[in-house]
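Working notes, beginning with the structure itself.
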There are 2 protein chains.
Amino acid sequence: MKQVYILGGAQTDFARNWTKEGKTFMSMFREIVEDGLAAVGMDYDEIVRLNKENRIAVFVGNFDMEQYANQGHLGAFLTEVHPAFYGVPGARYEAACASGSVAIDAAHTHIRAGDYDVAIVVGIEIMKTVSSAVGGDFLGTAAYYEKEAKGIKFPFPKLFGKLADEIVNRYGPKLGEQRIMEDLAEISRINYGNAKRNPLAQTRTWYMSKEQACSRGTSTNALVGGRLAISDCSQVTDGAALLVLASPEYAKEFSKKTGRPLSKMAVIKGWGHRVAPLTFQAKMEESKNSPYLLPWTRQAVLDAYRRAKLDIDQIDVIETHDCFTSSEYASISAFGLTEAGEEYQAIEDGIIDFEGNANGKRKVPINPSGGLIGAGHPVGASGVRMVLDIYKQVTDQAGDYQVPGAKNGLTLNIGGSATTNMTFVVGKIEE
Amino acid sequence: MKQVYILGGAQTDFARNWTKEGKTFMSMFREIVEDGLAAVGMDYDEIVRLNKENRIAVFVGNFDMEQYANQGHLGAFLTEVHPAFYGVPGARYEAACASGSVAIDAAHTHIRAGDYDVAIVVGIEIMKTVSSAVGGDFLGTAAYYEKEAKGIKFPFPKLFGKLADEIVNRYGPKLGEQRIMEDLAEISRINYGNAKRNPLAQTRTWYMSKEQACSRGTSTNALVGGRLAISDCSQVTDGAALLVLASPEYAKEFSKKTGRPLSKMAVIKGWGHRVAPLTFQAKMEESKNSPYLLPWTRQAVLDAYRRAKLDIDQIDVIETHDCFTSSEYASISAFGLTEAGEEYQAIEDGIIDFEGNANGKRKVPINPSGGLIGAGHPVGASGVRMVLDIYKQVTDQAGDYQVPGAKNGLTLNIGGSATTNMTFVVGKIEE
């Protein structure tokens, strides 16, 4: 597979509430484009030059701006950021919470097909424009609204609460319910803890401990979906992330012209994209005969490994879709870190923890950024933010949350109740 | 460019009102998938077989199901049609009224990149779920809502009314306003007339004449946006269209296996994609120095010709985005049928008319299907319906609206006030 280069990118501070600042999604587009291009060292003249030859395009990942901010047609909004974008092809890509990843997919494919040399991918979501109850209803449109969300307050915690139930049903007889719930709390603790090292994480100043995460059903940690409590949930927020992708030829030319070293670039080595049965019930019915709770999530990971020609043994860091602790739990075996049903080992041994030495075992930290639980989950931005974070890891630019010596990383971005599953393997450039 | 094959497809009857029938978008998904696969001769077993090798994907074009039917994540809904789609990659693609075309773009690109052998593209929109005033407000999200639509009743007729104003401003001094308005009425007459030959057109039983189209501002033809009246507008409706695209290798194998002749397949020869400044005002300011009212529309056409290695002389039929008569008027020179400012010639000489002989001049019928004005405009479906119609033309399957001997055709699908412009050249397979 022709490798597509990542020149760099940026994200907004996910702790910001843009509505409270008196700003709109348009302000967010302006800031992320300015910051993203500055991070890469690309100016507007270069965009104009590329566009004269029809060699640049824009890909916007967004879940539901129609409802949150009464705006569609987001692929056209970069023309409002700067006239350099007049005439540049653009569109909006959506797969619920995996919208950012399907935008990357389209950009990545157009470059591999030889259509464009440069693709600007923006993932964006503004969610604090409405109350959390209204926002929860909007999020219900990522499930099968009529069957799974209509009239239900906060449908997604309930759906992923059912995933926790299923984990307990399947593995409880062996492990015991309490141990599973403590392992889920450990996932929460790790993600919140990691967020403290990420200067752009939403919860970097918030308090969380293992004890707090275990105190489900108390006044400070209310239950929100079956066995799951507030501490098991990712955070709704406002945010955007941007990546600049390029053909190998352009990346090398750009490096020569601007002095930006290839060591500050990475490559997309593989990807996977699988859509599981839409409703949670249909998913569980189908997976009865599989060792995996989420077999299509596993398959999306396998597809990425196959295309990248590597395996979990060569993956040094993972950014996963911990919309809830239960989704991260189920993904551990999907990555191949353990067999299905033995996810507890990777958690209890400290394999996925950024901190500690895991008793000498090979570590594969999950979500050094803090993930969706710690860094925040502005829905359409998350898939782009994940790839940006892995890009930072494999180019040694992750600062306080750097995994030392990371060469290859994996992302898993899911939409709905693990319906859309999209993965990317991003790696260091081997020269 | 590697050519992607069109195996065939289907559309729903655009005269249907699914809400009145007690049916939802889900019923529409079921019917269009069943009909589309039957038209091509592909069964669910074949989808399962292809998916085992990760060689098939689904691409859904949709503008705003979030608001019309409270549902996002449409790329996952084929799993609700049939379990054969479990695990098949899918996503939703949006560029306002050009959503169908950007879905085709993604599918077409993935096949060219060698990722998939088969792509199922579905364009879908259900619009009669709400009143026309509410629906008009939803459509405003295809413009810059805050600047161009908020608090405005039916913003789009007003925006394209301004385009009519601009046509009159620029060409009126030479042609006179009355002549321009009569030419716009002629566009309306042709589209309604063509629709009568299309058994799936929304207006096939409606009444329209040149006189009626000219009687703007009367009780039976009210003004809706500046100089434009009801007769100048395309029709909101419910509808879906489906195309099956394939790699050349698969198409030939499929033909051999099923007996479906290559003469019932066509190829995508070229495409163009350009995004003009978002607001109508910015568009007009930028185009002041261009001979074309919509220079990026012209460029999208030129890009398609360049990729297809042909010109207007080899185009035998066009399906264009006549959301209003003014958009079709401006597109005539964009296609290269006339110089900019001389669009009136192609209209008055009968070049674009399906009927008549144009006094021996070479004809290039526009919208033999009836177009958006005659066939109907279920927003997300239109781009797919256009390519389906050109496919029918170049494979001699257009029935009563067949353009005799058509070898190559062009589509122009626009989003917003001619903001997103996407074109495809579709042609007969040359063996």
Side-chain angles (χ1 to χ4, degrees), chain A residues 24 26 54 57-58 63-67 69-80 83 85-96 98 102 105-106 109-110 112-115 138 140-146 150 273-279 282 286 296 299 303 415-416 419-420, chain B residues 24 26 54 57-58 63-67 69-80 83 85-96 98 102 105-106 109-110 112-113 115 138 140-146 150 273-279 282 286 295-296 299 303 415-416 419-420:
Chain A
T24 67
M26 193 62 237
N54 203 9
V58 167
F63 163 50
D64 196 7
M65 190 82 87
E66 290 90 340
Q67 293 189 303
N70 231 357
Q71 188 60 62
H73 207 173
L74 297 181
F77 272 80
L78 268 64
T79 65
E80 285 282 309
F85 290 102
Y86 287 6
V88 175
R92 178 271 197 114
Y93 300 84
E94 186 262 332
V102 294
D105 172 58
T109 310
H110 263 297
R112 286 184 295 126
D115 300 326
F138 291 170
T141 67
Y144 192 156
Y145 185 82
E146 193 70 23
K150 194 176 180 179
H273 183 187
R274 293 290 188 167
V275 174
L278 179 61
T279 64
E286 195 208 14
W296 293 113
Q299 190 58 50
D303 292 337
T419 305
T420 296
Chain B
T24 67
M26 193 62 237
N54 202 192
V58 166
F63 163 51
D64 195 6
M65 190 81 87
E66 291 91 340
Q67 293 189 303
N70 231 358
Q71 188 59 62
H73 207 173
L74 297 181
F77 272 79
L78 268 64
T79 64
E80 285 283 308
F85 290 103
Y86 287 6
V88 175
R92 177 272 197 112
Y93 300 83
E94 186 262 331
V102 294
D105 173 58
T109 309
H110 263 297
R112 285 184 297 125
D115 300 325
F138 291 171
T141 67
Y144 192 156
Y145 185 83
E146 193 69 23
K150 193 176 181 177
H273 183 187
R274 293 290 188 167
V275 174
L278 179 61
T279 65
E286 195 207 17
W296 292 113
Q299 190 58 49
D303 292 337
T419 304
T420 296

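Fair warning: this is a prediction, and the values are worked out from it, not measured in the lab. Letters A, B, ... are given to chains in the order of the sequence lines, protein chains preceding strands, and every chain is numbered from 1.
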- [ ] Could you point out which residue of B:Asp64, B:Thr420, B:Thr419 forms a side-chain hydrogen bond (donor to acceptor under 3.5 Å, both in side chains) with A:His73?
- [x]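 For A:His73, the side-chain hydrogen bond (donor to acceptor under 3.5 Å, both in side chains) check succeeds only for B:Thr420.
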Is [X] in contact with chain B via its backbone, its side chain, both, or neither, using a 4.5 Å heavy-atom distance?
X	answer
A:Val102	side chain
A:Ala91	both
A:Thr141	both
A:Ala69	neither

Sort out for me which of [options] touches chain B most, counting heavy-atom pairs under 4.5 Å.
options	result
A:Ala95, A:Ala96, A:Gly87	A:Gly87
A:Gly90, A:Ala106, A:Ala113	A:Gly90
A:Phe77, A:Phe138, A:Tyr93	A:Phe77

Task: Structural part of B:Thr279 lying under 4.5 Å from a heavy atom of chain A - done: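 Both parts, backbone and side chain.
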Task: Proximal component of B:Ala76, with respect to chain A [non-hydrogen, under 4.5 Å] - done: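 Contact with chain A is through both the backbone and side chain of B:Ala76.
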Heavy-atom closest pair, residues [X] and [Y]:
X	Y	result
A:Thr79	B:Leu278	OG1-N, 3.2 Å
B:Ala282	A:Tyr86	CB-OH, 4.1 Å
A:Asp115	B:Thr109	OD2-CG2, 3.8 Å

Open item on the list: Can you list everything that forms a ring-ring contact (aromatic ring centres under 6.0 Å, His included) with B:Phe63? Sequence neighbours excluded, please.
Closed with: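 Once residues adjacent in sequence are excluded, B:Phe63 has no partner under the ring-ring contact (aromatic ring centres under 6.0 Å, His included) criterion.
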- [ ] With sequence neighbours excluded, tell me which residues meet ring-ring contact (aromatic ring centres under 6.0 Å, His included) with A:Phe85.
- [x]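 A:Phe85 satisfies ring-ring contact (aromatic ring centres under 6.0 Å, His included) with no residue once adjacent residues are dropped.
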- [ ] Kindly indicate whether the side chain of A:Gln299, heavy atoms from C-beta on, has any atom under 4.5 Å from the side chain of B:Asn54.
- [x]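 No, their side chains stay 4.5 Å or more apart.
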- [ ] Indicate whether any N or O donor in one side chain lies under 3.5 Å from an N or O acceptor in the other, for A:Asn70 and B:Glu146.
- [x]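 Side chains of A:Asn70 and B:Glu146: no pair found under 3.5 Å.
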- [ ] Against chain A, work out which of B:Gly415, B:Ala57, B:Pro83 has the most heavy-atom pairs shorter than 4.5 Å and name it.
- [x]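 Top option by heavy-atom pairs under 4.5 Å: B:Gly415.
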Task: Interatomic distance, B:Glu94 atom CD to A:Leu74 atom CG [nearest 0.5 angstrom] - done: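 So the gap between those two atoms works out to 6.5 Å.
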Open item on the list: Once rounded to the nearest 0.5 Å, what's the spacing between atom CZ of B:Arg92 and atom CZ of A:Arg92?
Closed with: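 B:Arg92 CZ to A:Arg92 CZ: 4.0 Å, rounded to 0.5 Å.
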Open item on the list: For the backbone of A:Glu66 and the side chain of B:Gln67, can you confirm whether one donor and one acceptor N or O come within less than 3.5 Å of each other?
Closed with: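 Looks like yes, one N/O pair under 3.5 Å.
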- [ ] Return yes if some donor-acceptor pair links the side-chain N/O of A:Gln71 with the main-chain N/O of B:Ala143 below 3.5 Å, else return no.
- [x]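 Yes, the answer is positive, given that a donor and an acceptor are paired below the 3.5 Å cut-off.
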